[in-house]
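One-based numbering, in listed order, for ligands and for the atoms of each.
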Amino acid sequence: MARTALVTGGSRGIGAAISKKLKAEGYNVAATYAGNDEAAAAFGEETGIKTYKWNAADYDESKAGIAKVEDEIGPIDVVVANAGITRDAPFHRMTPEQWREVIDTNLTGVFNTVHPVWPGMRERKFGRVIVISSINGQKGQFAQVNYAATKAGDLGIVKSLAQEGARAGITANAVCPGYIATEMVMAVPEKVRESIIAQIPAGRLGEPEEIARCVAFLASDDAGFINGSTISANGGQFFV
Ligand SMILES: NC(=O)c1ccc[n+]([C@@H]2O[C@H](COP(=O)([O-])OP(=O)(O)OC[C@H]3O[C@@H](n4cnc5c(N)ncnc54)[C@H](OP(=O)(O)O)[C@@H]3O)[C@@H](O)[C@H]2O)c1
């Protein structure tokens, strides 16, 4: 029987590529988004993938949304915590609001997304938890104290969940993308983008589909012995 996958932030950017790839691999896919109804509607129309709107930063909304997905599509076997935001500022100018928004979405959002599906995965003795972290969680980044903290935190989450879930047939892994050609990156000034590309040995930005293929592998039965790991997909920009 086809497995069910939930992708948060699955209607745009990297998440959209992940949703499409998992659908192509035969999963029943649910994709969530936060507020961009237009993009979600266009994505749903293009792909036939069902979209759900809730704020990953809110536990109660996430729990209710996940219950709805499980009711309508089926028990979630694969959860991809991908929703993420940036609120960049040098530390001396970073506001508590910028700190909180990023922590709430990128870090607490992972808790909110995985915690409600975890008991069912334990019961069914199968689960795949995949968290989309970032190269900047591995190496830090100017003006991203908030973002880097959350993305480093993601790695602590999967390493801990890996230990808790292993005997229940659940794996938890992270993917650390380098700079990928999504709206998030294309929104930075062209000069900054050029300087970013100059730091990538591959000489180009990554494609969302290159991250999606990492996720599809981690979700597969072939990856059953990979647990607590990080796949770095960054064109050679940083080695751990
Ligand atoms: N792009 C990169 O180069 C890069 C590099 C490393 C890591 N990453 C990570 O990869 C992930 C995806 O990035 P992206 O570039 O694809 O982002 P994106 O194009 O900005 O898309 C973000 C997606 O997340 C959703 N989202 C944002 N906040 C949410 C919330 N509170 N609740 C639910 N959904 C929310 C958005 O929904 P709406 O459409 O409603 O806004 C959208 O679907 C992020 O975790 C990011 O940190 C990206």
Side-chain angles (χ1 to χ4, degrees), residues 6-21 29-44 47 49 51-66 69 79-88 100-113 130-141 144 146-155 157 174-188 192-193 196-197 199-200 202 204-212 214-215 230-235 237-238:
L6 173 71
V7 184
T8 65
S11 62
R12 286 201 293 121
I14 293 172
I18 294 170
S19 300
K20 287 188 214 171
K21 174 69 177 163
V29 179
T32 81
Y33 69 104
N36 191 334
D37 296 318
E38 210 177 308
F43 170 82
T47 62
I49 292 170
T51 58
Y52 295 82
K53 181 177 174 178
W54 72 74
N55 179 6
D58 184 295
Y59 185 79
D60 292 338
E61 273 189 38
S62 299
K63 198 171 175 201
I66 285 165
V69 169
V79 63
V80 185
N82 163 78
I85 58 168
T86 52
R87 296 288 182 268
D88 296 355
R100 259 194 307 272
E101 271 187 68
V102 172
I103 298 289
D104 289 353
T105 303
N106 297 11
L107 189 62
T108 308
V110 175
F111 176 85
N112 296 344
T113 299
I130 300 154
V131 181
I132 307 303
S133 173
S134 169
I135 184 175
N136 291 344
Q138 296 172 302
K139 70 171 189 57
Q141 178 60 26
Q144 286 198 328
N146 50 3
Y147 183 82
T150 62
K151 296 300 182 177
D154 287 342
L155 304 184
I157 290 175
V175 178
C176 283
Y179 286 87
I180 309 300
T182 65
E183 281 171 43
M184 192 187 256
V185 166
M186 298 316 269
V188 306
V192 178
R193 204 162 56 244
I196 290 171
I197 292 172
Q199 292 165 33
I200 305 172
R204 64 171 177 88
L205 297 172
E207 294 299 327
E209 292 72 21
E210 293 180 295
I211 304 306
C214 298
V215 171
T230 299
I231 296 183
S232 299
N234 60 35
Q237 192 179 352
F238 185 73

Practice task
Identify whether the distance between the nearest side-chain nitrogen and carboxylate oxygen of E210 and R204 falls below 4.0 Å.
Solution key: yes
Completion exercise
Here the atoms of ligand 1 under 4.0 Å from any heavy atom belonging to A56 are 30 (C), 31 (N), 32 (N), 33 (C)
Practice task
Would you mind finding which of G84, A187, G15, A181 brings a heavy atom closest to atom 22 (C) of ligand 1?
Solution key: G84
Exercise for the section: Check Y147 against ligand 1 and report side chain, backbone, both or neither, counting heavy atoms closer than 4.0 Å. Expected result: side chain
Handout entry: Where ligand 1 meets A83 - atom numbers and elements under 4.0 angstrom, heavy-atom basis
Key = 24 (O), 26 (N), 34 (N), 35 (C), 45 (O)
Exercise for the section: Indicate, as side chain, backbone, both or neither, the part of T105 found under 4.0 angstrom from ligand 1 when only non-hydrogen atoms are considered. Expected result: side chain
Practice task
For ligand 1, note which part of I85 has a heavy atom under 4.0 Å away: side chain, backbone, both or neither.
Solution key: side chain
Exercise for the section: Please confirm whether I14 comes within less than 3.5 Å of ligand 1 when only nitrogen or oxygen atoms on both sides are compared. Expected result: yes
Handout entry: Any G206 heavy atom less than 4.0 Å to ligand 1
Key = no
Handout entry: Location of contacts on K151 toward ligand 1, heavy atoms closer than 4.0 Å
Key = side chain
Exercise for the section: List the atom of F43, the atom of G10, and the distance in Å for their closest heavy-atom pair. Expected result: CZ-O, 3.4 Å
Handout entry: ligand 1 N/O within reach of A39 N/O, cut-off under 3.5 Å
Key = no
Completion exercise
of all protein heavy atoms, closest to atom 18 (P) of ligand 1 is R12 NH1, 4.1 Å
Problem - Contact atoms of ligand 1, heavy-atom distance to N36 under 4.0 Å - result: 38 (P), 39 (O), 40 (O)
Practice task
Please determine if A34 has a nitrogen or oxygen closer than 3.5 Å to a nitrogen or oxygen of ligand 1.
Solution key: yes
Practice task
Run the contact test for C176 against ligand 1 with a 4.0 Å cut-off on heavy atoms, strictly below, and give the result.
Solution key: no
Exercise for the section: Return yes if some donor-acceptor pair links the side-chain N/O of N82 with the main-chain N/O of V7 below 3.5 Å, else return no. Expected result: no
Exercise for the section: Write out the residue and atom name of the closest protein heavy atom to atom 3 (O) of ligand 1, then the distance separating them to 0.1 Å. Expected result: I180 N, 2.8 Å
Handout entry: Y33-ligand 1 polar pair, N/O distance under 3.5 Å
Key = no
Problem - Contact partition for S133 relative to ligand 1, non-hydrogen atoms under 4.0 Å - result: backbone
Practice task
State whether the shortest distance between N or O atoms of N82 and N or O atoms of ligand 1 falls below 3.5 angstrom.
Solution key: yes
Handout entry: Shortest protein contact, atom 24 (O) of ligand 1 (heavy atom only)
Key = G9 CA, 3.3 Å
Exercise for the section: With heavy atoms only and a cut-off of under 4.0 Å, state how Y179 meets ligand 1: side chain, backbone, both or neither. Expected result: backbone
Practice task
Could you say whether the N/O atoms of E183 and ligand 1 ever approach to under 3.5 Å?
Solution key: no
Handout entry: Within-shell test, I132 vs ligand 1, heavy atom, strictly < 4.0 Å
Key = yes
Completion exercise
Near W54 (heavy-atom distance under 4.0 Å), the atoms of ligand 1 are 32 (N), 33 (C)
Completion exercise
for atom 17 (O) of ligand 1, nearest protein heavy atom and its distance come out as M184 CE, 4.0 Å
Exercise for the section: Examine the proximity of ligand 1 to V185 and report which part, side chain or backbone, both or neither, has a heavy atom under 4.0 Å away. Expected result: side chain
Completion exercise
Ranked by distance from atom 15 (O) of ligand 1, the top protein heavy atom is T182 OG1, 2.7 Å
Practice task
Return a yes/no value for I135: is any of its N or O atoms, backbone included, closer than 3.5 angstrom to an N or O of ligand 1?
Solution key: no
Handout entry: Sub-3.5 Å N/O-N/O distance, S134 and ligand 1
Key = no
